[in-house]
Amino acid sequence: MRISFSTTLMVCLTFVTLGCNDDQASVSLPESAKPLAVDATPYLVTTEPADTTPVGEARESLMDGESATLIGTIGGSSKPFIEGLAAFTIVDQKIPCCAAEEGCPTPWDYCCTQDQVKDNIATIKIVDESGSPVTADARQLFGISELSQVIVSGTAKRDDQGNLTLAASTIYVKP
Amino acid sequence: MLLPWEYGVRNLARRPIHSGLTLFALTTVTLLIFVVVGFIRGLERSLAVSGDPNVMLVYSLTSEENIENSSISAQIPDLLAASLSATVKHFGITHHSPELYLGSRVTTADQSPGLGLVRGVTPTAPLVRRTVRMTEGTWPQPGEVMVGRLAATKLGVPTEVLKIGNQIEMEGQAWQISGTFAAEGASFESEIWCDLSDLQTATKRQDLSLVAMLLKDRTASSEVDLFCMERKDLELRAVRESEYYQTLQQHYRPVRILGWLIVGLVATAGIFAGLNLMYGALAGRIRELAMLQVLGYKRVAILVSVVQEGLVLASAASLIAGTFAVCWINGLTVRFTMGAFALRIDSLAILSGCAVGLLLGILGALPPALKALHASVAINLKAV
């Protein structure tokens with residue numbers, strides 16, 4: 001009887017000790033792993049748009065409020081996507097990303113050609129009818145990833161510092 | 001049939017000096033385990049509680065992951081406030097904290113110089129740094145500073161040196177201590193806080209290191225990210241504060257691994273010390289153990305009794321070391337590169353220390369007991 005009581009006490013103490021640990025394991029899912037509440041159909045086009053403008057050229061000629069169709073490669077930094085929003089950066093296709101043989105783990109950050117990226121990058125945000133950015137991760141919504149080639153159509157937003165943002169209403173993902 | 005429980009316990013009392021020495025050795029080893037695990041847990045906790053998931057840090061893109069190297073324009077806070085709706089705003093006050101953060105040589109009243117962490121802040125800082133509580137004194141006015149609970153440890157001076165009313169010297173100026181603060185164990189506790197414009201004047205700088213923003217909710221961080229992405233010219237990066245400190249956790253991973261390695265090494269050394277002691281103890285008891293076999297006790301029963309002796313000693317050692325650790329080691333402050341933190345003897349530390357202690361008792365007793373019981377009873381009875 002004494003042994004069984006001691007055993008029970010030890011087991012209880014073990015559980016109490018383990019239970020006292022105040023480290024709370026995080027169970028929240030990353031934004032990209034959460035189920036989507038947004039339908040991609042209104043934004044995704046299946047036929048490749050014609051008359052596209054490379055990002056570098058657009059940065060030189062595009063005015064604020066002008067409509068444009070830009071073509072580029074997703075990248076420009078180690079994290080080109082914004083979690084929770086359908087927004088990302090694209091780089092002109094003429095800028096080469098790090099070659100595979102260089103062993104760069106994140107070739108989409110263009111670390112080997114960073115000085116050229118500055119004048120050949122644009123921010124793309126996919127917007128809804130009201131003009132607000134779509135609140136869903138672009139990777140999950142459109143099945144895109146870093147270094148995917150995309151064509152986006154929308155309205156340009158320029159500022160005095162030369163930044164280019166495209167509020168895009170449609171996106172075409174090159175196969 | 002097992003030997004009576006009292007037999008093993010009384011055996012310990014028969015050799016008080018030997019038992020006392022073994023107890024001392026086991027206590028020392030277990031205490032070392034407590035200290036090392038307490039160090040690891042303290043470091044982990046300090047970094048874990050430092051990051052508020054609702055706070056976003058905006059700093060320079062070129063500073064990599066070191067805020068001390070960051071330099072952003074002083075206009076950024078106003079620009080962020082005007083451009084974003086993600087920041088909490090109450091009674092017309094935006095909850096953001098422009099800060100200048102740097103490491104500086106600090107000379108205290110006892111003339112001992114040390115490297116301190118200095119943060120220039122505005123009165124909105126407590127709205128964002130929600131763990132910070134003033135424990136004594138007043139908010140720093142021009143020419144004054146307030147010191148964190150662990151600032152003295154960081155500077156390597158006694159706590160009394162940083163009492164309210166005392167003076168310190170930094171950036172070529174004398175500053176009076178106006179208050180002290182605590183931050184629930186967060187890294188701010190090892191810092192010295194002063195007025196932002198005062199620090200900018202003293203350091204002849206007009207820039208800021210970062211802007212900390214309290215967000216309305218966790219999803220609002222996307223808006224800040226988008227702003228930094230769109231305004232490429234500002235070369236800003238936005239990181240959730242909790243993520244920033246998680247990155248630091250990754251940086252300190254080798255230190256933590258080294259800590260656990262030391263735990264393993266100390267435990268192994270302890271086991272060998274225990275083995276040595278138990279071999280010595282059992283060498284003089286071979287005839288006694290053989291006699292027990294003659295009396296009809298099985299080898300397993302004798303083995304259990306010997307392990308029981310080791311376990312009783314190890315349990316006592318774990319209790320003594322545990323009590324000492326909880327009363328005198330828990331909360332001890334240590335200086336570290338990022339500031340200072342308190343050793344933490346929490347449930348995991350107690351579990352690890354006691355588990356190693358008990359393991360020492362069992363593993364230390366088993367091999368010599370097996371060896372003593374391996375030879376035949378007749379030979380053992382004639383052993384000298």
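Just so we're on the same page: letters track the sequence lines, and every chain starts at 1.
Shown here is B:Glu235, whose CD atom has no more than 12 heavy atoms of other residues, nucleotides or ligands within 6.0 Å. In B:Asp217, the CG atom is crowded: over 12 heavy atoms of neighbouring residues, nucleotides or ligands sit closer than 6.0 Å. When the shell of 6.0 Å around NZ of B:Lys216 is examined, it contains more than 12 heavy atoms from other residues, nucleotides or ligands. Heavy atoms of other residues, nucleotides or ligands lying less than 6.0 angstrom from CD of A:Glu66 number more than 12.
Listed for the A:Asn163 side chain is a donor-acceptor partner under 3.5 Å among the backbone atoms of B:Lys232.
Contacts of A:Pro80 with chain B are made by backbone atoms alone, with heavy-atom separations under 4.5 Å and no side-chain atom involved.
B:Glu223 is linked by a side-chain contact (heavy atoms from CB on, under 4.5 Å) to B:Leu84, B:Ser85, B:Ala86, counting only residues two or more places apart in sequence or in another chain. Partners of B:Asp78 by side-chain contact (heavy atoms from CB on, under 4.5 Å), not counting sequence neighbours: none found.
Here A:Asp160 contributes atom CG and B:Asp233 contributes atom CG; the two are 9.5 Å apart, rounded to the nearest 0.5 Å. Between the CD atom of A:Gln161 and the CD atom of B:Glu230 there is a distance of 12.5 Å, given to the nearest 0.5 Å. Atom CZ of residue B:Arg237 and atom OG of residue A:Ser78 lie 7.0 Å apart, to the nearest 0.5 angstrom.
Of residues 306-314 of chain B, no residue lies under 4.5 Å from chain A by any heavy-atom pair. Residues of residues 114-131 of chain A placed with any heavy atom under 4.5 Å of a heavy atom in chain B are listed by number as A:Ile121, A:Thr123, A:Lys125.
Between A:Glu83 and B:Asp225 the shortest side-chain heavy-atom distance does not fall below 4.5 Å.
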